[in-house]
Visitor: 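Quick one: this structure, given as structure tokens, is what I'll be asking you about.
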Amino acid sequence: MEASLRSCSVKNPSYGFTRNSLFSNARLHSLSSSRIEFVASPDFWSAVKSASRSRALRVRGIRGVRAVLEEKKAETNQSSEGNVNQFTCVMKFGGSSLASAERMREIAELICSFPEERPVIVLSAMGKTTNKLLLAGEKAVSCGVSNAAEIEELCFIKELHLRTAEELGVDPSVISAHLEQLEQLLKGIAMMKELTLRTTDYLVSFGECMSTRIFAAYLNKIGVKAHQYDAFEIGFITTDEFTNADILEATYPAVAKRLNSDWVKDPAIPIVTGFLGKSWKSCAITTLGRGGSDLTATTIGKALGLKEIQVWKDVDGVLTCDPTIYPCAEPVPYLTFDEAAELAYFGAQVLHPQSMRPAREADIPVRVKNSYNAKAPGTLITRTRDMSKAILTSIVLKRNVTMLDIVSTRMLGQFGFLAKVFSIFEDLGISVDVVATSEVSISLTLDPSKLWSRELIQQELDHVVEELEKIAVVNLLQGRSIISLIGNVQHSSLILEKAFHVLRTNGVNVQMISQGASKVNISLIVNDSEAEQCVRALHQSFFESSDLFELIDGSTNGSASSLH
Ligand SMILES: Nc1ncnc2c1ncn2[C@@H]1O[C@H](COP(=O)(O)OP(=O)(O)O)[C@@H](O)[C@H]1O
Ligand SMILES: N[C@@H](CC(=O)OP(=O)(O)O)C(=O)O
């Protein structure tokens, strides 16, 4: 076992050290009368940390002597708990990379093509399995117990997973218990005629539980030793907001300890379920919100202190806009964590909105790559990047947004208006996306899916308006879109000048505008019906013509594609 070197100096050197005073799970490295150096097992360091906040330790066998442990940096990779790290990177593969046996074979080859890496692998469910499971759950509520086994989506999922196992030459018994339990669960839902959020999470967990079992079995079959892990069994502790749970801090040391110590006992590539966790209160399975496997990957990256987090998608990295809106979108080579977080939060499906947080906290680069085109450089996301030539990075569209215009019924100079408005949103548990204010009025937008999990239903909206009307005149406007211009807000005047020119020539009236405190995002609110046309026109203007480059540095040599 490789281990880290720690040094330990004695505060009262007159006592000295002997070989006998060594800790049972530390190996002697060097010894003098006042200083001892040893190689410690991963467990040792966490025991020390939990035993003493000051990191001072009473050395066993020498009464009265206090030793101060110092960490010797940079000897080896360290996990979040100071454990020795056995792994170099995390590689996450989404549903689009795992849609069939053929794709799984290619992913196995891809992993093996990096023999210098010791990766942790995070997998999503195969293809569109999560959507199918959700649909199966909805159908089960009203189909009757006797019809539950025949639900089309259940049959599809069974067939896909059994066929994949067969085509990969894997024993179907690795998933047969799960398929059986899934059918039982759907019958249970049919019997109860009810699908709670907690049951929804249990239901969708079958997707990741099965994809990881098939893939780990396949790697073992081709001679690559792998070990399947359910995230909810290895320390992914979450809040109990079912369908949109948040990772709790306790996750980091727990996951590091489990993965590292298992590797020490029996080295094998960990194949971990993305998207899933365990509620700290109820101990039930939770999910991290749609696309949550990205967050699983960055959490593991931080827990293990890895050098890189890779998320493998079906596109050549983060693109200048959603390719389904405009196929001419181009890859963005570099992004900061802030840019990527804004982009994800404001609707770019390519990354989970919370996934940048652990990577940013631990300062670990995230690389977005294409599993269909591994040679493409992808997008590298880091804390900082050269912004000297950056103007606009990406254009993001969030549809189906509700906008509220709130005008105070009191006089100008009335203080506390903003506080009152926001306390109403807080009380109702509603998240606000974009805000623009004056002293007596506020325009804001509400997240369409209220944290990704459920629709802001009309009843809830009526309730918001009712509460706000106690202090203001309220105008509710539905069917709006947020177009977010992610980029270098140092050039905000230039970006706005160009954007408004484009929108004016396309006959579009902007209904609200806001520049975020993060200084990487300008948001424009337009009608849903005009939004896609706006994105295409903005893309053409910002990324496909060279006049912007000329405007920024007066040069005529630049190309538009160097501007992000
Ligand atoms: N700005 C963007 N850059 C790249 N992809 C985007 C962007 N906006 C939306 N997408 C969509 O995100 C998809 C990739 O994300 P996702 O489906 O979650 O991948 P996976 O399932 O592999 O994790 C792409 O196929 C693309 O259609
Ligand atoms: N399977 C889950 C989690 C996930 O991250 O999926 P993907 O990586 O395919 O976006 C979902 O569909 O939401």
Side-chain angles (χ1 to χ4, degrees), residues 91-99 103 107 121-135 157 200-201 203-212 231 243-245 272-277 285-299 309-333 335 339-355 366 368-373 376 378-379 381 392-399 449 452-453 483-487 532 535 538-539 543 564:
M91 298 168 110
K92 177 256 164 170
F93 297 94
S96 58
S97 303
L98 299 164
R103 289 299 293 144
I107 298 306
I121 308 296
V122 173
L123 301 186
S124 301
M126 290 185 71
K128 300 274 177 222
T129 299
T130 308
N131 288 351
K132 300 262 183 211
L133 286 166
L134 287 169
L135 214 53
I157 290 167
T200 302
D201 275 355
L203 176 64
V204 293
S205 73
F206 282 87
E208 274 70 11
C209 288
M210 293 195 292
S211 65
T212 47
T243 72
N244 193 38
V272 184
T273 57
F275 185 46
L276 309 178
I285 294 176
T286 53
T287 62
L288 309 176
R290 294 307 304 270
S293 306
D294 295 340
L295 179 56
T296 308
T298 54
T299 301
I309 296 160
Q310 300 173 2
V311 284
W312 292 79
K313 304 269 168 184
D314 60 351
V315 279
D316 282 348
V318 176
L319 306 179
T320 45
C321 77
D322 183 343
T324 60
I325 296 176
Y326 192 51
C328 299
E330 296 166 19
V332 179
L335 278 176
E339 287 174 308
E342 288 283 308
L343 203 130
Y345 183 77
F346 279 95
Q349 196 208 325
V350 65
L351 289 169
H352 181 278
Q354 300 298 330
S355 59
V366 177
V368 184
K369 295 271 292 175
N370 189 348
S371 68
Y372 289 80
N373 180 18
T379 300
I381 309 171
L392 203 67
T393 307
S394 191
I395 304 169
V396 183
L397 177 60
K398 196 174 199 170
R399 298 182 186 84
S449 57
W452 302 78
S453 53
I483 296 178
S484 296
L485 304 173
I486 313 288
E532 291 201 2
V535 171
L538 287 167
H539 193 282
F543 298 111
H564 37 72

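When a ligand or atom number is given, it counts from 1 through the structure's own listing order.
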Visitor: Please report which non-hydrogen protein atom sits nearest to atom 22 (O) of ligand 1, along with the residue it belongs to and the distance in Å to one decimal place.
Guide: Ser96 OG, 2.7 Å
Visitor: Would you confirm whether Thr130, through its side chain, and Val204, through its main-chain N or O, come within 3.5 Å as a donor-acceptor pair?
Guide: no
Visitor: Taking only heavy atoms of Asp322, which atoms of ligand 1 are found under 4.0 Å from at least one of them?
Guide: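 The atoms of ligand 1 under 4.0 Å from a heavy atom of Asp322 are 7 (C), 8 (N), 9 (C), 10 (N), 27 (O).
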Visitor: Heavy-atom contact under 4.0 Å between Gly291 and ligand 2?
Guide: yes
Visitor: Consider only side-chain N and O atoms of Glu339 and Thr393, and report whether a donor and an acceptor are under 3.5 Å apart.
Guide: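 Side chains of Glu339 and Thr393: pair found under 3.5 Å.
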Visitor: Hey, are Arg103 and Asp314 close enough for a salt bridge, meaning a charged N less than 4.0 Å from a carboxylate O?
Guide: no
Visitor: Can you tell me if Gly291 contacts ligand 1 (heavy atom of the residue under 4.0 Å from the ligand)?
Guide: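 It does not, in that no heavy atom of Gly291 comes within the 4.0 Å cut-off of ligand 1.
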Visitor: Under 4.0 Å from ligand 1, counting heavy atoms only, is it the side chain of Val350, its backbone, both or neither?
Guide: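 Looking at Val350 and ligand 1, atoms from backbone and side chain both fall under 4.0 Å.
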Visitor: By number and element, which atoms of ligand 1 are closer than 4.0 Å to a non-hydrogen atom of Gly95?
Guide: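 Answer for ligand 1: 21 (O).
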Visitor: Decide whether an N or O pair under 3.5 Å exists between Ser96 and ligand 2.
Guide: no
Visitor: Output the list of atoms in ligand 2 that are nearer than 4.0 Å to some heavy atom of Arg290, sorted by atom number.
Guide: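 Answer, ordered by atom number: 11 (C), 12 (O), 13 (O).
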Visitor: Which is closest to atom 10 (N) of ligand 1 by heavy-atom distance: Pro323, Gly94, Ala348?
Guide: Pro323
Visitor: Of all the atoms in ligand 2, which lie at a distance below 4.0 Å from a heavy atom belonging to Lys92?
Guide: 8 (O)
Visitor: Any atoms of ligand 1 less than 4.0 Å from a non-hydrogen atom of Lys92? List them with their elements.
Guide: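 Once the distances to Lys92 are compared, the set is 23 (O).
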Visitor: From Lys313 NZ over to Asn370 CG, what is the distance, rounded to the nearest 0.5 angstrom?
Guide: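 Atom-to-atom, Lys313:NZ and Asn370:CG are 11.0 Å apart.
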Visitor: If you have a sec, work out which protein heavy atom is nearest atom 1 (N) of ligand 1 and how many Å separate them, to one decimal?
Guide: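 Atom 1 (N) of ligand 1 sits closest to the protein heavy atom Leu319 O, 3.2 Å.
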Visitor: Are Thr287 and Asp201 close enough that a side-chain donor and a side-chain acceptor fall under 3.5 Å?
Guide: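 Their side chains do contain a donor-acceptor pair, which is all the 3.5 Å distance test asks for.
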Visitor: Would you mind running through ligand 1 and noting each atom that sits below 4.0 Å from a heavy atom of Asp314?
Guide: 13 (C), 14 (C), 24 (C), 25 (O)
Visitor: Specify the protein heavy atom at minimum distance from atom 19 (O) of ligand 1: its residue, its atom name, and the distance to 0.1 Å.
Guide: Lys313 CD, 3.4 Å
Visitor: So, 4.0 Å and heavy atoms of Gly207: is ligand 2 close enough to count as a contact?
Guide: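 Judged by the 4.0 Å heavy-atom criterion, Gly207 does not count as contacting ligand 2.
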Visitor: To the nearest 0.1 Å, how far is atom 11 (C) of ligand 1 from its closest protein heavy atom, and which atom is that?
Guide: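 Protein heavy atom with the smallest distance to atom 11 (C) of ligand 1: Gln349 OE1, 3.9 Å.
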Visitor: Among Ser293, Ser211, Gly95, whose heavy atom sits nearest atom 5 (O) of ligand 2?
Guide: Ser293
Visitor: Would you mind running through ligand 1 and noting each atom that sits below 4.0 Å from a heavy atom of Gly317?
Guide: 4 (C)
Visitor: For Val315, take its heavy atoms, then give the atoms of ligand 1 lying under 4.0 Å from any of them.
Guide: 4 (C), 5 (N), 24 (C), 25 (O)
Visitor: Considering only heavy atoms, does Glu208 approach ligand 2 within less than 4.0 Å through its side chain, its backbone, both, or neither?
Guide: side chain
Visitor: I'd like to check which ligand 1 atoms, numbered from 1 as shown, lie under 4.0 Å from a non-hydrogen atom of Val318.
Guide: 3 (N)
